[in-house]
Amino acid sequence: MTLLDSPAPTAPDGYRFRTQPPVGTPASIVDWVEGVAARTRPDAIVWADGSQEEFDALAELMVSRGTMIRLNPEKRPNSYLVRSNPADVARVESRTFICSLQREDAGPTNNWVHPEQMRDTLDGLFDGVMQGRTMYVIPFSMGPIGSPLSRYGVQLTDSPYVVASMRIMTRMGERALERITETTPWVKAAHTVGYPLAPGQQDIPWPSNELKYITHFPESREIWSYGSAYGGNALLAKKSFALRIASVLAHDEGWLAEHMLLIKATNPEGKEFHLAGAFPSACGKTNLAMLQPTIPGWKVETVGDDIAWLGIGDDGQLRAINPEAGFFGVAPGTGWSTNAVAMETIQSDTIFTNVALTDDGDVWWEGATKEPPAHLIDWQGNDWTPDSGRPAAHPNSRFTVSAANCPSISDDWEDPRGVAIDAIIFGGRRATTVPLVVEARDWAHGVYLGATVSSEATAAAEATVGTLRRDPFAMAPFYGYNAADHWKHWLEIGRRLRAAGGKVPRIFQVNWFRKDANGKFLWPGFGENSRVLEWMFSRIEGQTAAKETPIGLVPVDGGLNTTGLDVSSEALAELFRLDTAGLLSDAEDAAAYFDGFGERVPAELRTEIAALRERLAS
Ligand code: OXD
Ligand code: MN
C-alpha cells in the first residue's frame with residue numbers, strides 16, 4: 001500500500017476527509033507530498049478542500065481530543081477556545097533562521113545557518129516525526145484568487161489547529177489548488193509539531209516540542225518548521241511566506257512585500273485615499289487598521305491589518321493587496337472603548353487562543369471590559385479571580401477571524417488590481433524626540449525614515465532599557481534577505497515610480513507614543529489619530545502648507561485640526577518640539593546602526609544622515 005492509499009481519519013460526526021489528491025493536481029505537488037510523507041511517515045494523508053464541512057469536522061475532532069473548547073453558541077456562535085502549551089505561546093525569533101547560501105545575503109538582522117547544514121539537521125528531525133498522526137495538505141493562495149499580485153503555496157502540517165487557522169487566514173483548499181498548474185511557481189512549506197505518537201500512545205491537547213526550528217531557504221523558496229504550533233511559527237503563510245520568502249520574491253521580481261496595514265480613508269467630500277503603514281509589533285497596528293475617526297465626516301475602512309504586497313500597476317501607480325484573508329490579532333487591550341470594530345468582528349466564527357474562559361462559556365482578556373469578571377478559568381486552565389495577581393489571558397493571546405467578518409472591511413479589499421496607495425507611514429514607539437507627525441522631504445528621505453524606525457527598548461525586549469531598538473520598515477524579524485538590500489530596493493522602486501509617471505505616494509513618520517516629563521502620553525491616540533490622517537491627506541491635496549524643519553515637514557501653527565480635541569496647547573507644542581540634542585544623538589545611533597550593514601548600505605542613506613546632521617547643527 002502506498003501512503004496515498006492510507007486509511008482516512010474519521011471525524012466524530014462521521015465526516016469523511018478527502019484522502020486522494022483531486023484530479024488535475026500537478027505532479028510536482030503530488031511528488032512533493034509523497035516525498036515528505038515518506039520521510040515523516042504519517043498514518044494518513046488528508047487533502048484539505050477548504051469547505052465549511054471540513055472545518056467543522058476538524059473542530060469536532062479537536063473538541064473530542066480536548067484541544068478545543070466550544071464556546072457558548074448563544075454568546076459566541078461558531079467560536080472556540082484553545083489553550084497552548086505554556087512553553088509555546090509566541091513567535092520565537094531566536095529559533096528563526098534564514099538559510100541563504102551566503103551569510104551576507106541573510107544580513108545582520110537574521111540568524112543564519114548554511115542550507116546544507118540546516119538540511120542535515122532537518123533530515124534528522126523530520127524522520128518519522130508524523131508517526132501516529134495525519135498529515136494535512138493545504139494548498140493556499142496569498143492574495144485574492146486570480147489577482148496578478150497573488151502567489152501560491154502548499155503547506156503540509158500534522159496540526160489540525162493549523163489547518164483550521166489557515167482556513168481563516170488564507171484562501172485555501174480546492175479554489176487555491178485549481179489555480180496551481182504545472183508551470184505555476186509555488187512555495188513549499190512543511191510544518192510539524194515535532195511530537196510523534198508511538199502505537200497506542202495517548203495524544204495531548206497541544207502537542208509541540210521544546211526544540212524549535214523555523215527555517216527558510218530563500219534560494220529554493222522553501223519553509224521548514226519544527227516544534228511549535230503557535231502563530232507565525234506554524235501558520236507558515238503569514239510571516240514565513242508573506243514576508244520572509246515573499247520579500248525575496250519581491251526583490252527579485254520588482255515589487256514589495258511589507259509588514260504594513262492597509263486602510264482606505266474617505267473625507268467629508270467623499271474623496272478616497274489609501275494608506276499603507278508599517279509599525280513594529282505591539283504599536284497599535286490593528287487599532288489603526290480599524291480606526292473610527294473622531295473628526296466629523298471622515299470614514300476609515302480596513303483593507304489589511306498586518307501585511308501588504310505592493311507593485312507598480314499598469315497605470316504607473318503603486319498598488320497594494322492584502323495577501324491574507326483573516327486577522328490574527330492580539331486580544332489583550334482590545335475592548336469596546338479601544339477598538340469596537342475588532343470587538344464586533346470577533347462576536348462569532350472566531351478561534352481564540354490563550355484567553356480566559358468565563359463561567360458562562362464566553363471569553364475574556366485584560367482590557368475586554370473595564371471590570372474583570374469575578375471568576376474565570378485562566379489561559380492555563382486554572383481558577384482565576386481579580387485577586388489572583390496574574391493576568392487571566394496570556395499577553396500574546398490571540399483571536400483568529402476572517403477579514404470578511406470585519407464591519408469596517410473596505411469594498412475594495414479584494415480588488416485583484418490592488419488599491420492605489422496615496423501615503424506610506426512609518427511608526428515606532430518613542431517616548432521622546434520623535435514628533436507626532438513628520439512628512440518626508442522626498443522619497444529618499446522617506447526611505448531613510450523607514451530604515452531607521454525605532455522604539456525604546458522595554459523591559460520585555462532583549463535589550464538594555466533606554467537604548468533604541470531599531471526595526472527598519474518594521475521588518476527586522478521578517479526579512480528574508482539583507483535589510484540593506486531592501487533599502488536599496490525601495491530607492492529603486494521610487495525611481496521606477498517616478499519613471500512610470502503615476503502619482504508617487506507621500507511618505508510620513510508618525511509617533512503616537514511621545515510622553516511628557518511625568519511619563520504621561522501627550523497624545524490620546526486611537527480615534528484621534530484621524531486628525532493626523534486628515535493632515536496627511538490635506539498635504540497630498542495641496543490644501544495645507546507645512547513648516548520646513550531639519551527633520552522634515554511638520555504642520556504649521558493651527559495646521560492640525562484640534563477642534564474638539566482635549567489636548568493642552570503645551571502638550572501640542574511638546575508633541576512637535578524639536579529636541580536638537582536628542583535628534584543629533586538619534587542620527588549618531590542611526591549611523592552606528594548602518595555601520596553594522598557595512599558596504600551594503602546605499603550611499604543615498606549615508607547622504608541623508610550627513611545632510612540631517614548638517615541641518616540640525618546649523
Ligand atoms: C504579529 C507581529 O503578530 O508582528 O503580527 O508580531
Ligand atoms: Mn505583524
Side-chain angles (χ1 to χ4, degrees), residues 82 84 88-96 109-110 142 162 165-166 168-170 212 214 216 225 228-247 256-263 276-290 302-310 320-334 339 342 345-346 350-355 365 393-401 403 406 425-429 450 453-455 457-458 460-462 469-480 483:
V82 177
S84 81
D88 192 21
V89 292
R91 288 188 290 102
V92 279
E93 287 171 23
S94 60
R95 304 300 304 160
T96 300
T109 60
N110 282 309
M142 294 312 280
V162 167
S165 302
M166 286 280 286
I168 296 173
M169 295 302 296
T170 71
K212 294 174 178 41
I214 325 299
H216 307 77
S225 168
S228 168
Y230 203 89
N233 301 333
L235 311 179
L236 301 183
K238 193 174 178 62
K239 306 297 191 183
S240 284
F241 180 172
L243 289 174
R244 298 194 189 100
I245 294 294
S247 65
L256 298 164
E258 300 295 325
H259 188 211
M260 287 179 168
L261 61 81
L262 289 169
I263 53 179
F279 291 81
S281 304
C283 283
K285 211 164 144 190
T286 308
N287 290 337
L288 183 57
M290 299 177 185
T302 313
V303 177
D305 77 325
D306 194 38
I307 299 175
W309 286 358
L310 310 98
I321 58 166
N322 169 10
E324 302 189 277
F327 308 136
F328 182 65
V330 175
T334 308
N339 191 339
T345 306
I346 59 182
T350 303
I351 299 175
F352 296 91
T353 307
N354 289 344
V355 301
W365 49 84
H394 186 277
N396 190 41
S397 56
R398 299 280 179 149
F399 52 80
T400 310
V401 67
C406 177
I425 68 178
F426 294 112
R429 178 182 277 271
V453 169
S454 62
S455 300
T458 62
E462 300 138 332
R469 248 169 95 84
R470 293 283 168 189
D471 190 351
F473 286 78
M475 282 285 283
F478 308 121
Y479 276 118

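Just so you know, ligand 1 is whichever comes first in the structure, and atom 1 is the first atom listed for that ligand.
Contacts between M475 and ligand 1 below 4.0 angstrom, taking non-hydrogen atoms only, are absent altogether. Using a 4.0 Å cut-off between heavy atoms, F478 contacts ligand 1 through its side chain alone, with no backbone atom that close.
The shortest heavy-atom distance from K285 to ligand 1 is not under 4.0 Å.
Within the listing of ligand 1, atoms 2 (C), 4 (O), 6 (O) sit less than 4.0 angstrom from a heavy atom of S281. Against a heavy-atom cut-off of under 4.0 Å, D306 is close to the following atoms of ligand 1: 5 (O). Every atom of ligand 1 with a heavy atom of H259 under 4.0 Å away is listed here by number and element: 4 (O).
Contact annotation: K239 places an N, O or S atom under 2.8 Å from the Mn ion (ligand 2).
Within D306, OD1 is the N, O or S atom that lies nearest to the Mn ion (ligand 2).
Checked against a 3.5 angstrom limit, the closest N/O atoms of R91 and ligand 1 fall inside it.
For atom 5 (O) of ligand 1, the closest non-hydrogen atom on the protein side is K239 NZ, 2.9 Å.
At a threshold of 4.5 Å between non-hydrogen side-chain atoms, the residues N110 and R244 do not count as touching.
Paired with R91 under the rule side chain to side chain contact (heavy atoms under 4.5 Å, CB included), one option of I214, N233, T96 passes, and it is N233.
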